[in-house]
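Okay, structure first, notes after.
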Amino acid sequence: MNGGRRAATLPVSLFRQDAATVARGLLGAVLVSEVRGCRTAGRIVEVEAYLGAEDPASHAWQFRRHPGNEALYGPAGSWYVYRSYGLHWCTNLVTGPPGQGAAVLVRALEPLEGIAAMRRRRRVTEEGLLCAGPGRLCQALGVTVALDGMPMHRSPVRVERGVELPDEAVLVTPRIGITRAADWRLRLVMRGSPWASRGHWKK
DNA sequence: GCGCCGATTGGCT
DNA sequence: GCCAATCGGCGCC
């Protein structure tokens, strides 16, 4: 489909910045997965920033460490994949200096490539349900804990440059689905995107 | 050791 | 709109 032409992967320098800036830079970019030789891809339309030790909603709150979240303290641009509610995988890109524990959660994608594979993995046909949610998009792209701790640039799942969004195209809202510090406005959504998770239309 | 809880999802009391 | 599924981490006994 891409005729062998490879789009540019986002530079590591982007991920060394603070989580909110990285979140802004990720919106509109393309998440490309080549897990087990199967190519799937989607445009990032919804993200959330988690700031690290000072953020009560962060898994790194007060520098809490345990075997499950070590990747969060790794170098910028590496993956942090965790299990949610004992069932689903959710994926983040680590940002900022190592040890800070900041990251950006990828919450929704517009499916672009490998839609048949996404349907097979998700066991759902409705396109709007393939990648609308952090757990759903991981399932659609084959993302599991196997990715946890990998530097994104040397992993089978990478983020490539996508569309540049003007500020008017970016909707900033409180984070959703959390109980602590839920009012912090660190959720970014591509304005008007029908591919965002269902919390999108709530204020 | 035990019980509760969550950055979720899907099915239906 | 409500709740079960499922499990590691954490608080508390």
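Note on naming: letters A, B, ... go to the chains in the order of the sequence lines (proteins, then strands), and numbering restarts at 1 for each one. Here the structure is a predicted model, which is why all the values come from computation and not from measurement.
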Next on the checklist: Short of 4.0 Å, heavy atom to strand atom, which residues of residues 56-83 of chain A count as contacting DNA chain C?
Outcome noted: A:R64, A:H66, A:P67, A:G68
Next on the checklist: Partner lookup for B:dA7, please. Criteria are Watson-Crick or G-U wobble with both distances under 3.5 angstrom; report none if nothing qualifies.
Outcome noted: none
Item to check | Value in whole Å for how far the C1' atom of C:dG8 lies from CG of A:L87 | outcome: 13 Å
Checklist entry - How far apart are the C-alpha atoms of A:H59 and A:Y82, what are their side-chain angles, what is the distance that settles it, and do they pass the ring-ring contact (aromatic ring centres under 6.0 Å, His included) test? => result CA-CA 10 Å; A:H59 290 177; A:Y82 67 93; 4.7 Å; yes
Item to check | Interatomic distance where NE2 belongs to A:H88 and P belongs to C:dC7 [whole Å] | outcome: 12 Å
Checklist entry - Roughly how many Å is it from CD in A:E126 to P in B:dT9, rounded to a whole number? => result 15 Å
Item to check | Spacing between A:W89 atom CH2 and B:dA7 atom P, to the nearest angstrom | outcome: 16 Å
Checklist entry - Atom CD of A:E46 and atom P of B:dT8: how far apart are they, to the nearest Å? => result 10 Å
Checklist entry - Quick one: do the A:T40 and A:E113 side chains pair a donor with an acceptor below 3.5 Å? => result no
Checklist outcome for this item: Testing B:dA7, B:dG10, B:dT8 for proximity to the side chain of A:R122, the answer is B:dG10
Checklist entry - Going by 5.5 Å between centroids and 30° between planes, is there a stack of A:Y50 over B:dA7? => result yes
Next on the checklist: Taking the six-membered ring of A:W195 as reference, does the cationic atom of A:R43 (NZ for Lys, CZ for Arg) lie under 6.0 Å from its centre and within 45° of its axis?
Outcome noted: no
Checklist entry - What's the CG-P distance between A:D148 and C:dG8, to the nearest Å? => result 14 Å
Next on the checklist: For A:T179 and A:A132, find the nucleotide of DNA chain B closest to each by heavy atoms; which residue's nucleotide sits nearer the 5' end?
Outcome noted: A:T179
Checklist entry - Salt bridge or not for A:R119 and A:E127, using N-O below 4.0 Å? => result yes
Checklist entry - Over how many whole Å does the gap from A:E48 atom CD to B:dT8 atom P extend? => result 8 Å
Checklist outcome for this item: Rounding to 0.5 Å, atoms OG1 (A:T9) and CZ (A:R158) come to a distance of 5.5 Å
Checklist entry - Can you tell me how far P of B:dG10 sits from CZ of A:R136, to the nearest Å? => result 4 Å
Checklist entry - Taking the P atom of each, how far is C:dG11 from B:dA7, in whole Å? => result 15 Å
Item to check | Lys/Arg-Asp/Glu bridge criterion (N-O < 4.0 Å) met for A:R175, A:E48 | outcome: no
Checklist entry - Heavy atoms under 4.0 Å, any strand shown: does A:R175 hit a base, just sugar-phosphate, or nothing? => result nothing
Checklist entry - Using 4.0 Å as the upper bound for N to carboxylate O, is an ion pair formed by A:R191 and A:D167? => result no
